Every structure is written in structure tokens, then in C-alpha cells.
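To start, the structure itself, in C-alpha cells.
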Amino acid sequence: DTAVSQTPKYLVTQMGNDKSIKCEQNLGHDTMYWYKQDSKKFLKIMFSYNNKELIINETVPNRFSPKSPDKAHLNLHINSLELGDSAVYFCASSSRGMGNYGYTFGSGTRLTVV
Amino acid sequence: AQSVTQPDIHITVSEGASLELRCNYSYGATPYLFWYVQSPGQGLQLLLKYFSGDTLVQGIKGFEAEFKRSQSSFNLRKPSVHWSDAAEYFCAVTPGGATNKLIFGTGTLLAVQP
């Protein structure tokens with residue numbers, strides 16, 4: 001199926017650990033994003049890559065490091081996890097070149113830091 | 001800076017009743033406008049989008065939205081709500097362009113009474 005897929009769907013880990021979330025899209029889109037949804041359901045952009053180039057980097061702690069090995073993949077690595085990092089992280093993709101500015105979202109990764 | 005306001009945090013309607021969810025945006029030009037729906041524990045699904053042209057846009061699941069430039073609004077409507085419509089609804093805006101950053105409102109939680 002064509003989609004944006006994220007793994008894992010759930011992630012429970014202890015404070016101080018390092019973890020990664022993976023994202024892949026097979027829609028042929030050229031831009032990928034990471035969004036964070038907090039406990040109040042507010043969605044805020046963290047990063048965006050266009051053809052492996054970082055184009056958006058919001059005020060995110062540098063413990064968060066995105067990596068895009070190719071335009072179909074955007075992974076998120078988090079170092080030294082803190083309680084406040086608990087949230088749902090959504091990956092998304094879009095294709096500006098086709099004039100379609102809509103995003104397609106993955107199903108999310110629920111990160112719980114204990 | 002662009003912003004999106006959803007004035008209603010929580011709305012309850014009876015099944016079969018009509019629905020209108022409000023959305024106001026702040027942006028100098030006409031942005032690209034979207035409505036997304038998030039069912040409990042799920043990702044975000046695009047309901048409809050407005051780029052240009054006809055100001056009344058039709059979406060999936062029987063939803064429609066009307067863009068009103070004079071009111072900077074993009075309200076979502078449905079003539080008859082079904083119990084399965086209970087979910088969180090997000091209005092979003094992007095100016096497009098180089099970053100295509102999607103900015104979300106705070107969401108409206110819809111409850112449907114039998």
C-alpha cells in the first residue's frame with residue numbers, strides 16, 4: 001500500500017536512554033516532516049527535509065537529530081530522553097513540485113518516557 | 001506570522017444533527033487551507049483542502065468547507081452527523097512556498113450523542 005509508515009508504533013523507555021523512530025514514504029514525495037503532538041493534542045512542526053536537505057528546524061533541543069538518508073526516509077534520533085519528551089510523534093510527507101501542498105501523515109509513534 | 005484559531009475546544013451534537021466547526025486564520029495573502037480528522041489513537045486523515053477557485057470545497061465522509069476571505073474563515077460543515085464522526089478535528093494552514101510549513105489550530109473535539 002502507498003503510505004507513510006512509522007516504526008515503532010509504541011515506544012516506552014527510561015529517562016536518559018537514546019532512541020530512534022523511523023519513517024518511510026513510498027508516495028514519491030520530495031519533502032518529509034516530523035511533528036510532535038503533546039498531551040493537549042497540539043501539533044507542532046519540528047523538522048522538515050526536502051530531498052535530503054534540512055529546510056525547517058524549529059526551536060527543538062539538540063538532543064533531537066533528524067537524519068534523511070534519501071528522500072523516502074526521515075528518521076528521528078533522540079538522545080538522553082527526558083520525561084517531557086513523552087508525546088506522539090508524527091511523520092509526514094508532501095510534494096511541492098506537483099503543486100499539491102497537502103501532507104500525508106503516518107499513524108504516529110507514541111513515546112512514553114518513564 | 002501565520003496562525004490558526006479554532007474557537008471551540010469541545011462540541012457535542014446529536015446524531016443526525018448538522019455540524020459546523022469554526023476555523024479562522026491569520027495570513028496576509030490567501031493561504032492553502034486544510035481540515036484533518038484524528039480518531040482516537042489514530043493518525044491524521046485529510047478531509048479536504050482549499051487552494052483556489054470555488055470557495056466551497058467538498059471532502060470525504062460527507063464534509064464540506066467554505067472559504068470566506070472577508071472573514072478569514074474556513075469553517076467545516078456536515079449536514080447530518082454520524083456516531084463515527086466523533087473525533088478531533090484540526091484546521092491547518094500553509095503559505096506553501098519553499099518550506100510548506102503546515103500550521104495547525106488547537107483542534108476541536110467532537111462528541112456525538114445517540
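All figures in this text were calculated on a predicted structure; none of them were measured in a lab. Chain naming here is simple, since letters A, B, ... match the order of the sequence lines and numbering starts at 1 in each.
A:Val113 and A:Ile21 fall within a single hydrophobic cluster, where Ile, Leu, Val, Met, Phe, Trp and Tyr side chains are chained together by heavy-atom contacts under 4.5 Å. Hydrophobic clustering (ILVMFWY, side-chain heavy atoms < 4.5 Å, transitive): A:Leu81 and A:Met46 are in one cluster. Transitive grouping of hydrophobic side chains (ILVMFWY, heavy atoms separated by less than 4.5 Å) keeps A:Tyr10 and A:Leu111 in distinct clusters. A:Trp34 and A:Leu27 are not part of a single hydrophobic cluster, where members link through side-chain heavy atoms under 4.5 Å apart. Connection of B:Phe74 to B:Leu47 is established within a shared hydrophobic cluster, with ILVMFWY side chains joined at heavy-atom distances below 4.5 Å, either directly or through further cluster members.
For a residue to count as touching a neighbouring chain, one of its non-hydrogen atoms must lie under 4.5 Å from one of that chain's; by this rule A:Lys44 does not touch chain B. Contacts between B:Gln42 and chain A at a heavy-atom distance below 4.5 Å involve the backbone alone (N, CA, C, O). For B:Gln38, the part lying near chain A is the side chain, with the backbone staying farther off; criterion is any non-hydrogen pair under 4.5 Å.
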_Check against side chain to side chain contact (heavy atoms under 4.5 Å, CB included), B:Phe104 and A:Gln37_ = CA-CA 11 Å; B:Phe104 284 89; A:Gln37 186 174 46; over 6 Å; no
*Starting from the C-alpha separation in whole Å, work towards a yes-or-no answer on side chain to side chain contact (heavy atoms under 4.5 Å, CB included) for B:Leu44 and A:Leu43.*
CA-CA 11 Å; B:Leu44 292 122; A:Leu43 284 148; 3.8 Å; yes
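Here A:Glu58 is the residue among A:Lys40, A:Gln6, A:Glu58 with the most heavy-atom pairs under 4.5 Å with chain B.
Between atom CG of residue B:Leu109 and atom NZ of residue A:Lys41 there is a gap of 7.0 Å, rounded to the nearest 0.5 Å. The distance from the OG1 atom of A:Thr31 to the NZ atom of B:Lys101 is 14.5 Å, given to the nearest 0.5 Å.
When the shell of 6.0 Å around CG of B:Leu56 is examined, it contains more than 12 heavy atoms from other residues, nucleotides or ligands.
Side-chain contact between B:Lys49 and A:Tyr103: absent, with no pair of heavy atoms (C-beta onward) separated by less than 4.5 Å. Between B:Gln45 and A:Phe105, every side-chain heavy-atom pair lies at or beyond the 4.5 Å cut-off.
Residues A:Tyr35 and B:Leu102 come closest through the heavy atom pair OH-O, 2.5 Å.
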